[in-house]
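Quick note: numbers below take in every heavy atom, side chains included, and nothing from hydrogens, waters or symmetry partners. In listed order, ligands and their atoms are each counted from 1.
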Amino acid sequence: MKKLLFIINPKAGVKKNKHFVEDALEIFEKAGYKVGVKYTKKRADGTRIARDYGAKADLIVCMGGDGTLNEVMQGMLEGEISTPLGYIPAGSTNDFANSLGLRTNPKDQAEFIMETEAKSLDLGWFNGRYFVYTASAGIFTETSYSTPQELKNKLGHFAYILHGIREVFKIRRLKLRIETEDEVYENKYIFVAINNAKKVGGIMRLDKAHVEFNDGEFELMLVEFPRDFIQLMKTVGKIFMQDFSGNITFKQIKSAKITNCSDVNWSLDGEKEKAHDFVEFKVIHNAINFIY
Ligand SMILES: Nc1ncnc2c1ncn2[C@@H]1O[C@H](COP(=O)(O)OP(=O)(O)OP(=O)(O)O)[C@@H](O)[C@H]1O
């Protein structure tokens with residue numbers, strides 16, 4: 001009998017998971033799987049469970065938010081596990097799932113996982129840690145990891161907006177040097193991100209034409225520090241309108257080296273990453289088998 005490892009973060013998102021878990025179990029069993037269920041109890045459990053039990057399964061499915069997905073992928077790469085992975089989004093924003101066009105209803109998504117072949121997916125490598133869709137620093141980055149879980153569970157995406165507003169009043173200049181394969185950027189920035197997503201922060205949408213999930217490239221986005229409040233407002237407007245020109249740089253990259261960043265905190269898939277003196281980024285092409 002085929003084995004399915006089902007990893008669930010019971011604390012993720014606004015929806016209460018319980019009856020979705022039963023629905024998903026029924027769908028998996030009907031499709032002929034013997035299902036082993038593991039609940040995460042604390043941070044990093046997703047990584048440990050995927051790394052320790054993933055190789056024995058024919059399919060891994062995780063249910064939770066972007067943070068849970070990040071942890072599970074981390075564990076699969078650490079354990080060199082090539083088992084296909086399915087994902088049932090149950091977080092507060094589910095940016096990555098929206099980007100990939102996954103089903104928002106957990107029952108539909110469980111059925112989709114049973115019917116769909118896994119495809120390769122690129123991941124990002126950031127000083128030894130893997131990320132699924134975004135590494136960012138600067139404005140709104142703190143919001144992605146400091147918004148309290150209870151607020152996210154109650155308000156969902158709106159919790160991020162409430163917390164994000166507070167950050168506008170404590171904007172910092174990031175003085176960085178970024179070296180890609182063929183360009184060097186050195187300036188003061190308000191926001192820096194390396195993405196493999198069409199939607200980031202539930203707000204910013206990137207043009208579909210720019211983003212492929214297994215093309216060996218991620219998208220570097222640099223937003224220069226605005227001269228004044230009016231330019232700041234114009235910049236925000238340009239981001240909404242996907243006008244990546246002037247003080248916004250948008251470029252496909254395979255790798256990057258970032259220096260001058262010892263006091264810059266990062267967010268990897270919405271989880272806090274400590275500051276590093278030096279950041280090395282590269283795309284891990286075809287890193288895992290993912291159902292999307
Ligand atoms: N049982 C648990 N209790 C508390 N925290 C947990 C538990 N299991 C996992 N975690 C941690 O919860 C954090 C948030 O999880 P996740 O990102 O999946 O949900 P979310 O924050 O609601 O969703 P999103 O990131 O899409 O907004 C992760 O860092 C994860 O390690």
Side-chain angles (χ1 to χ4, degrees), residues 5-18 20-21 24 36-54 60-78 85-106 109-110 123-124 126 129-136 140-164 167 193 195-205 265-274 290 292:
L5 171 64
F6 193 13
I7 306 173
I8 301 161
N9 176 352
K11 290 286 154 72
V14 259
K15 294 174 188 157
K16 291 281 160 266
N17 283 337
K18 286 199 184 70
F20 295 130
V21 172
V37 180
K38 296 261 176 207
Y39 285 93
T40 57
K41 296 193 177 71
K42 55 182 183 318
R43 186 171 280 270
D45 267 5
T47 302
R48 183 185 54 75
I49 296 168
R51 191 186 50 224
D52 296 352
Y53 301 97
I60 304 173
V61 176
C62 70
M63 182 164 175
D66 296 335
T68 305
L69 178 64
N70 175 299
E71 288 186 359
V72 169
M73 288 195 176
Q74 199 84 20
M76 289 177 67
L77 282 153
E78 284 176 14
L85 173 67
Y87 172 49
I88 301 181
S92 358
T93 301
N94 301 317
D95 274 337
F96 188 60
N98 292 335
S99 280
L100 288 173
L102 302 184
R103 312 294 180 271
T104 47
N105 177 300
Q109 178 58 12
L123 293 183
F126 182 103
R129 275 202 59 194
Y130 299 96
F131 67 95
V132 182
Y133 77 102
T134 185
S136 68
F140 302 132
T141 294
E142 201 185 313
T143 303
S144 69
Y145 56 76
S146 69
T147 306
Q149 190 67 41
E150 312 82 72
L151 201 62
K152 288 198 278 180
N153 291 146
K154 275 203 197 92
L155 300 177
H157 176 55
F158 188 59
Y160 287 105
I161 295 178
L162 274 186
H163 250 240
E167 268 196 60
N195 298 322
N196 195 25
K198 292 176 186 142
K199 240 181 136 193
V200 178
I203 303 170
M204 194 193 306
R205 277 165 199 276
N265 284 324
W266 295 85
S267 164
L268 298 185
D269 294 336
E271 301 294 315
K272 185 175 180 174
E273 172 67 10
K274 63 178 189 300
F290 192 66
Y292 66 104

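The heavy atom nearest to atom 11 (C) of ligand 1, considering only Thr47, Asn94, Asn9, is found in Asn9.
Using a 4.0 Å cut-off between charged side-chain N and carboxylate O, Arg43 and Glu271 make a salt bridge.
Close contacts of ligand 1 with Lys11, meaning ligand atoms under 4.0 Å from a residue heavy atom, involve 1 (N), 2 (C), 3 (N), 4 (C). Near Thr68, meaning under 4.0 Å from one of its heavy atoms, ligand 1 places the atoms 15 (O), 16 (P), 17 (O), 18 (O). Listed by number with element, the atoms of ligand 1 under 4.0 Å from a non-hydrogen atom of Gly91 are 23 (O), 26 (O).
Within the 4.0 Å heavy-atom cutoff, Ala44 counts among the residues contacting ligand 1. Distances from ligand 1 to the non-hydrogen atoms of Asp45 include no value under 4.0 Å.
For Pro89, no heavy-atom contact with ligand 1 is shorter than 4.0 Å. In Thr40, the parts holding a heavy atom less than 4.0 Å from any atom of ligand 1 are both the side chain and the backbone.
When all heavy atoms of Ile49 and Tyr39 are compared, the closest pair comes out as CD1-O, 4.1 Å.
For the side chain to side chain contact (heavy atoms under 4.5 Å, CB included) with Thr47, the qualifying choice from Met73, Met76, Glu71 is Glu71, the only one to do so.
Counted by atom type alone, Asp66 and Tyr133 present one or more donor-acceptor pairs between their side chains at under 3.5 Å. Under the 3.5 Å distance criterion, with hydrogens and angles disregarded, a donor-acceptor pair is assigned to the side chains of Thr68 and Asn9.
Under a cutoff of 6.0 Å and an axis angle of 45°, Lys38 and Tyr53 form a cation-pi pair.
Close N/O approach between Gly65 and ligand 1 is found [any backbone or side-chain N/O within under 3.5 Å].
A distance of 5.0 Å separates OH of Tyr87 from CG of Asn94, quoted to the nearest 0.5 Å.
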